[in-house]
Amino acid sequence: MSRAPRSAVLSVLALAAALAVPTAGPPAPARAAVHHTGDEAAVLGEDHARAHARLRRAVKGTLGYPQSKRTASLASLEESQRRANTGFDAARFGRFTQFFPSPDFGVHVALLPTGKVLLFSFERVEADPTKETGPTNTVGRTNAGRAWLWDPAAGTGARAFRNVPPPVVLMPDGTYSPRPAPFFCAGHSYLPNGMVGVFGGNVGGKGGSGAKLSFVFDPWTEKWFRNRDMAVGRWYPSVVTGADGRQIIMSGQSERGTGTPTPVVERFPALGHRVPWRPYDIPAGVPAEPLRSVAPFRNDYPHLFSLRDGMVYGLGRDADQQWIFDPVRDVRSDLPRRPADFRGYGSAVPLPAGFRGPDSVLVLGGDPRDPHTYRLSGGRWTTEEPRAFGRTQDGTLILPDGTLLTVNGALDTRDYGHGPFNPKADLKYRQIEVRDARGRWKLGPAQRLPRGYHSNALVLPDGRMMVTGDELQQIANDPDIKDGMDGSIELYEPAYLHRGARPALDRAPAGDLRYDTAFQVSSSTAKDVKRAVLLAPTTVTHSVNTSQRHLDLRLTGVQGDRIGLRTPPGAADAPPGYYMLFLLDAKGAPSTAKWVKLGTP
């Protein structure tokens, strides 16, 4: 942890000791706390003032929801997890391992090509999980964003996290109070140079309203850069990277407030501005541009996928809003109505298709009454194998061996089976579920915390899975609500990590790889390697994961410790950018990945 954040934490801990002393009379109203924050800012600076305000809200939150309740709840979850997982063999089902505090809720996460994980969300406005904990309706400086980096190589302690605050902005909310950009509930995807483009956010009020904000996070300098505002405000938009490396932005509630989704489609960067290819190509002050095509989704966060035909598939939550967008000709075409009715926040995954890019999508989750999965392929929908039960707010990941794994879930938004804003949850929503190569599903072990709304997961380069998100459950089970570590992360080891020795990937090319081109990697276990795969990194929020992708690579020969491989045929198969390269043995056990970069300017 750098010196500045460390000093801020120390000052917060000092204030915690002072505030721990009981005081007479009722707690001060929230309005007074906000005003006091402004007074403190002049003396202490914005960062310290916000830290002090957070701590006051935490102390207030312990009055309605005491620390003892949080501690007992977490202990109960740990024990129920231990009992539930006793019968699961790790070699068949994998296992959950470490559970540790995080300084962020992880409403948004992104795996970076440096191996670090970007987490960002909002400053909480409430520490009682039976109330709305986020600043959805908040206007003013307490409606603020925050961001952190977690470095898995540095372990799981506080020093493994680094604060990377978003730029300070003046929001058009009538107060124009400076605060870190409130970019929570934005949309995001990767640029070819590994940067994360983030679009939208919340101005506040009216049940939440769309911000026109546009940023990139640079993993190489670990800094945020602001771009020109979008044409419209967006809160809950979706973003996908196309075959040309440009990002397509759709939907989101407009600046007029909830209930006004925008049909405007935008592209970043605008034509006439180069696509960022190199680490030093930092977009700053770059515009997006509206397209002629419109996307009149009635509901936000549609699933977007760029498939092997180069088209962008927009799969809306409403069954009758399924479209194909041609980003080159700038036209939209209809897809057949999906067989299932409305889907809330649930998963959708581009299915692995061997050496070519994906040509079909599996839609699942989003309806707790419907356990079936639905496949779109060749312009047709088919009903596929069901999972054990329906769930919403779930996330489904493609693992290196090509299997699918569902984690997280709930009955409904903020409802885990016992009513909204009740942290108690049905055990089933804590169980993972795995889909094998034949399309069959099976339930697996349970995670520590129930995680529903705002929950997330991603695959790490070492093959493990990281699970985080859901601020309600993280606050309800915080081992110390006053320590500034609001969130939590849990790690899961898939079954393939419990089947003996793993293959080694010792060296991979460091430069750009052209499409349909031969290249070599070195492995001290080359004779054991049966497959080589590319797995795109994940950036995800609200069960919307537009970035993940899985491709097999052609093996062209083995000589000693050298393995010959061939890149995918073209950019429509695998959009330009960074991918994790895994080598797999006959049992499906993957190596630790090396990063490779596809595409050239």
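Starting from 1, each residue takes its place in the sequence as its number. Everything quoted here is computed from the prediction, not taken from an experiment. All heavy atoms count here, side chains included; hydrogens, waters and symmetry mates do not.
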(request) Without swapping roles, check the side chain of Thr136 against the backbone of Gly207 for a donor-acceptor pair under 3.5 Å. (result) no

How are the rings of [X] and [Y] set relative to one another: parallel (under 30°), tilted (30 to 60°) or perpendicular (over 60°)?
X	Y	answer
Phe105	Phe122	tilted
Tyr578	Trp220	tilted
Phe96	Tyr492	tilted

(message) For the residue pair Ser102 / Ser488, report whether a side-chain donor-acceptor contact shorter than 3.5 Å exists.
(response) no

(message) Is it true that Asp478 and Gln67 share a donor-acceptor pair across their side chains at a distance under 3.5 Å?
(response) no

For the aromatic rings, using the six-membered ring if either is Trp, is the centroid distance between [X] and [Y] under 6.0 Å?
X	Y	value
Trp148	Phe161	no
Trp323	Tyr313	no
Phe183	Trp224	yes
Phe215	Phe225	no
Trp150	Phe100	yes
His188	Phe120	yes

Does the pair [X]/[Y] count as a salt bridge with the N-to-O cut at 4.0 Å?
X	Y	value
Arg317	Asp341	no
Glu132	Arg414	yes
Arg124	Glu471	no
Arg70	Asp480	no
Lys116	Glu222	yes

(message) Assess the residue pair Asp367 and Arg369 against the criterion (salt bridge (Lys or Arg N to Asp or Glu O under 4.0 Å)); give the C-alpha distance rounded to whole Å, side-chain angles, the decisive distance to 0.1 Å, and a yes or no.
(response) CA-CA 5 Å; Asp367 184 348; Arg369 297 172 300 281; 3.4 Å; yes

(message) To check you understand the geometry: which heavy-atom pair defines the closest contact between Ser189 and Thr546, and what is its length?
(response) CB-OG1, 4.2 Å

(request) Please report the closest heavy-atom contact between Pro178 and Val168, naming both atoms and the distance. (result) CB-CG1, 3.7 Å

(request) May I have the step-by-step check of side chain to side chain contact (heavy atoms under 4.5 Å, CB included) for Leu119 and Met466, ending in yes or no? (result) CA-CA 12 Å; Leu119 306 99; Met466 164 192 166; 3.8 Å; yes

(request) Given side chain to side chain contact (heavy atoms under 4.5 Å, CB included), test Ser238 with His303 step by step and report yes or no. (result) CA-CA 7 Å; Ser238 296; His303 292 291; over 6 Å; no

(request) Find out whether Asp300 and Pro261 are in side-chain contact, i.e. whether some heavy atom of one side chain is under 4.5 Å from a heavy atom of the other. (result) no

(message) I want to check something: taking the side chain as every heavy atom from C-beta on, are Leu77 and Asn477 in contact at a cut-off of under 4.5 Å?
(response) yes

(message) Here's one to test your reading of the geometry: is the NZ or CZ of Lys424 within 45 degrees of the ring axis of Tyr416 and under 6.0 Å from its centre?
(response) no

